[in-house]
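Okay, so here's the structure we're looking at.
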Amino acid sequence: MAARIITAVSRDKHSLTAELGRSLPLLEDKQRSLCQQLSYGVIRHYSTLDYLSQQLLSKPLKAKDQDLKNLLLCGLFELMHMRTPPHAVLSETVNASKKLGKQWASGMINACLRAYQRRADSLNQDLACDNEASSAHPAWLLERLSHDWPSRCSDIIEANNQAAPMMLRVNRQKCSRDDYLNKLVQADIPAQALNSCPDGILLDQAVDVYQLPGFEAGEVSVQDGAAQHVVRLMQLEPGLRILDACAAPGGKTCHMLEHQADIQLLAMDLDASRLKQISENASRLNLEISLLCADASQPESWWDGQLFDRILLDAPCSGTGVIRRHPDIKLLRRPEDIAQLALRQQQLLDALWPLVRAGGMMIYTTCSVMKQENEQQIEAFLQRHHDATELQIADAPAHRTHVGYQRLPGDDVMDGFYYACLQRS
């Protein structure tokens with residue numbers, strides 16, 4: 001199952017999250033964790049494992065046999081990163097080749113894995129001579145990271161290759177953080193308060209959400225601390241009219257209403273299926289949200305003419321700040337995507353700015369580390385709009401850049417994230 005999931009991502013360019021969502025329910029409970037661990041692990045280290053497979057195979061496998069190659073990568077990942085006994089790795093990987101209907105390949109899989117066991121030291125030394133293989137990042141991404149963050153590039157790469165920690169956001173409408181921490185103690189789930197995030201909790205180890213006390217009753221949600229900072233920047237007050245312009249899946253939308261229930265909040269998204277996620281999250285949290293399926297960059301098709309006190313533009317972006325959480329970004333993104341996303345961000349900024357009332361604010365955020373999507377984007381916006389001023393943030397959520405604030409993967413425990421607060425004069 002893991003080999004098929006990895007093939008759908010690496011060859012067919014499907015989302016890892018979507019493939020796991022389709023595949024894991026088909027497995028027994030005890031098998032799901034292993035399948036998920038293999039799928040995430042192989043995709044996180046894909047460039048490294050692919051390099052090793054090329055050294056071990058006598059000739060490349062055909063396109064129709066990419067599932068076999070990815071099965072081999074699963075075996076290599078287990079040998080390198082997991083505590084599975086080597087003899088079990090070999091026998092189960094060979095057995096899986098037969099279950100793929102390719103019994104002819106069982107000898108090849110066995111030979112490659114045994115060869116890696118014999119040659120591991122020399123092969124791992126060879127890795128160091130190949131930048132893509134040693135870093136488990138594509139060349140174009142290495143180049144961009146090195147250009148934008150020359151002194152931090154190695155830290156970002158190291159952080160990207162780690163599994164992301166699990167963080168929670170306590171629903172203050174239902175429970176205090178201290179009370180919820182006590183519930184976690186009673187449930188024998190080790191955790192601690194997340195510094196700088198008043199509603200945030202960091203778990204020592206990830207758990208299934210349905211093991212979390214009060215999850216189904218809406219007492220808590222899963223959300224990284226970097227995203228939790230956004231609600232504070234909104235400076236919410238009773239009666240404000242707010243637009244969440246690219247709202248799905250709704251984590252920040254729901255956090256705003258948990259923080260200040262007495263606001264007029266409109267949550268928009270272009271994708272109707274993703275709006276459904278917001279509705280489901282709001283229902284679990286017992287929150288009422290006005291939803292609209294529309295293109296935020298075309299307000300003439302949906303805007304009622306009433307100005308907004310706050311607009312949150314959590315813009316579509318490359319996701320390069322959350323690679324540790326979504327490692328398939330390294331396989332799915334292409335260098336030309338960055339310019340296309342930057343153009344989309346510019347269109348959204350320019351279209352939504354006239355909808356902000358005088359004295360009101362637009363909060364621009366991304367989960368990217370690319371300067372083209374972040375500080376350069378906002379610098380250009382400020383040059384185009386002379387009625388816009390960037391507000392300095394007291395108790396900043398991240399490191400100050402020339403314009404805005406940037407958090408990088410590897411800065412404490414949170415995701416990479418960018419924030420800018422723009423006020424209309």
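When all heavy atoms of V369 and D148 are compared, the pair lying nearest together is O-OD2, 4.1 Å. The heavy-atom pair separating L145 from I157 by the smallest distance is CD1-CG1, 4.4 Å. What you find for L76 and L113 is that their closest heavy atoms are N-CD2, 3.8 Å. Nearest heavy-atom pair across Q372 and A339 is NE2-CA, 3.7 Å. Among all heavy-atom pairs drawn from R44 and N160, the shortest one is NE-O, 4.1 Å. Here the shortest heavy-atom pairing between I43 and K330 reads O-CE, 4.5 Å.
Looking at R333 and D337, a side-chain N of the basic residue comes within less than 4.0 Å of a carboxylate O on the acidic one, giving a salt bridge. One finds no salt bridge joining R11 and D50 here, because no Lys/Arg side-chain nitrogen approaches an Asp/Glu carboxylate oxygen to under 4.0 Å. Salt bridge absent: R169 and D199 never bring a charged side-chain N and a carboxylate O closer than 4.0 Å. Remark: D387 engages R424 in a salt bridge, criterion side-chain N to carboxylate O under 4.0 Å. The pair R324-D224 meets the salt-bridge criterion, with a side-chain N (NZ, NE, NH1 or NH2) lying under 4.0 Å from an Asp/Glu carboxylate O. Between D314 and K252 there is a salt bridge, since at least one side-chain N of the basic residue sits less than 4.0 Å from a carboxylate O of the acidic one. Residues D328 and K13 are not paired through a salt bridge, judged by the lack of any N-O separation under 4.0 Å between the basic side chain and the carboxylate.
When atom types are taken as modelled, the side chain of R310 and the backbone of L236 share no donor-acceptor pair closer than 3.5 angstrom. Checked by atom type and distance alone, the side chain of W140 never pairs as donor or acceptor with a backbone atom of E143 at under 3.5 Å. R177 places a side-chain N or O within 3.5 Å of a backbone atom of C197 that can act as its donor or acceptor partner. Looking only at distances, no side-chain donor or acceptor of W353 sits under 3.5 Å from a matching main-chain atom of H385. Although no hydrogens or angles enter the test, the distance criterion places no donor-acceptor pair under 3.5 Å between the side chain of E216 and the main chain of R284. Remark: the backbone N or O of V220 is not paired with any side-chain donor or acceptor of N171 at under 3.5 angstrom. The main-chain N or O of Y180 is never found under 3.5 Å from a side-chain atom of E219 such that the two would form a donor-acceptor pair. Put simply, the side chain of E258 never gets that close to the backbone of Q173: no donor and acceptor are under 3.5 Å apart. Looking only at distances, no side-chain donor or acceptor of Q162 sits under 3.5 Å from a matching main-chain atom of A159. Without hydrogens or angle criteria, D65 side chain to L68 main chain gives no donor-acceptor distance under 3.5 Å.
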Practice item. Walk me through it: do R32 and D208 pass the test salt bridge (Lys or Arg N to Asp or Glu O under 4.0 Å)? Key: CA-CA 11 Å; R32 290 176 190 169; D208 186 288; over 6 Å; no
Exercise for review: Take S176 and D178, measure what side chain to side chain donor-acceptor pair (under 3.5 Å) needs, and give me the verdict at the end.
Suggested key: CA-CA 5 Å; S176 74; D178 287 345; 5.6 Å; no
**Study point:** From CA spacing to verdict: side-chain contact (heavy atoms from CB on, under 4.5 Å), H229, S196
**Key:** CA-CA 8 Å; H229 279 297; S196 79; 3.2 Å; yes
Check your understanding: Can you list the steps and then say if D67 with K62 is a salt bridge (Lys or Arg N to Asp or Glu O under 4.0 Å)?
Key -> CA-CA 10 Å; D67 53 352; K62 297 176 181 176; over 6 Å; no
Check your understanding: Please walk me through it: do N374 and T366 pass side chain to side chain donor-acceptor pair (under 3.5 Å)?
Key -> CA-CA 7 Å; N374 295 340; T366 75; 2.7 Å; yes
**Study point:** Audit row: M256, D244, side-chain contact (heavy atoms from CB on, under 4.5 Å) steps and yes/no
**Key:** CA-CA 10 Å; M256 282 191 270; D244 190 348; 3.8 Å; yes
Exercise for review: Could you please spell out the steps behind the side chain to side chain donor-acceptor pair (under 3.5 Å) verdict for E19 and H14?
Suggested key: CA-CA 7 Å; E19 286 301 317; H14 293 178; 2.9 Å; yes
Exercise for review: Could you please spell out the steps behind the side-chain contact (heavy atoms from CB on, under 4.5 Å) verdict for V9 and I6?
Suggested key: CA-CA 5 Å; V9 175; I6 296 159; 5.8 Å; no
Point to revise | Derivation and outcome, ring pair (Phe, Tyr, Trp, His ring centres under 6.0 Å), residues Y418 and Y405 | key: CA-CA 6 Å; Y418 177 80; Y405 299 82; 8.3 Å; no
Check your understanding: Would T84 and E78 satisfy side chain to side chain donor-acceptor pair (under 3.5 Å), going step by step from the backbone distance to the final call?
Key -> CA-CA 7 Å; T84 316; E78 274 200 279; 2.7 Å; yes
Point to revise | Trace of the side-chain contact (heavy atoms from CB on, under 4.5 Å) decision for E132 with L141 | key: CA-CA 10 Å; E132 287 189 73; L141 183 53; over 6 Å; no
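Counting heavy atoms from C-beta outward, Y364 and L313 have side chains that approach closer than 4.5 Å. The shortest distance between side-chain heavy atoms of M80 and N124 falls below 4.5 Å. Using a 4.5 Å cut-off on side-chain heavy atoms (C-beta onward), S97 and L71 make contact. At least one side-chain heavy atom of E237 sits less than 4.5 Å from a side-chain heavy atom of L240. The shortest distance between side-chain heavy atoms of D415 and C367 does not fall below 4.5 Å. Side-chain contact check for Q54 versus P60: every heavy-atom pair is 4.5 Å or farther apart.
Each of L56, D126, L123 was checked for a side-chain contact (heavy atoms from CB on, under 4.5 Å) with Y51, and the lone residue meeting it is D126. When the options Q377, Q406, E373 are evaluated for a side-chain hydrogen bond (donor to acceptor under 3.5 Å, both in side chains) with S368, the one that passes is E373.
Within 6.0 Å of CG on D188 lie no more than 12 heavy atoms contributed by other residues, nucleotides or ligands. Residue N286 qualifies as open at atom CG: its count of foreign heavy atoms under 6.0 Å is 12 or below. Under a cut-off of 6.0 angstrom, the local environment of NZ in K174 is crowded, with over 12 non-hydrogen atoms contributed by other residues, nucleotides or ligands. Atom NZ of K99 sits in a sparse spot, with 12 or fewer heavy atoms from other residues, nucleotides or ligands closer than 6.0 Å. Within 6.0 Å of CG in N195 there are 12 or fewer heavy atoms belonging to other residues, nucleotides or ligands. Enclosure of atom CD in E336 by more than 12 non-hydrogen atoms of other residues, nucleotides or ligands within 6.0 angstrom is indicated. Heavy atoms from other residues, nucleotides or ligands lying under 6.0 Å from CD of E158 number 12 at most. The number of heavy atoms from other shown groups lying within 6.0 Å of CD (E280) is above 12.
For the 3.5 Å distance criterion, the side chains of Q228 and H255 fail to qualify, holding no donor opposite an acceptor.
Ring geometry for Y419 versus F417: interplanar angle of 30 to 60°, hence tilted. Ring orientation note: the planes of F215 and Y210 are nearly perpendicular, at an angle over 60° on the 30°/60° scale.
In this structure, CD in Q347 is found 4.5 Å from CG in L343, a value given to the nearest 0.5 Å. In this structure, CD in Q66 is found 11.0 Å from CG in L72, a value given to the nearest 0.5 Å.
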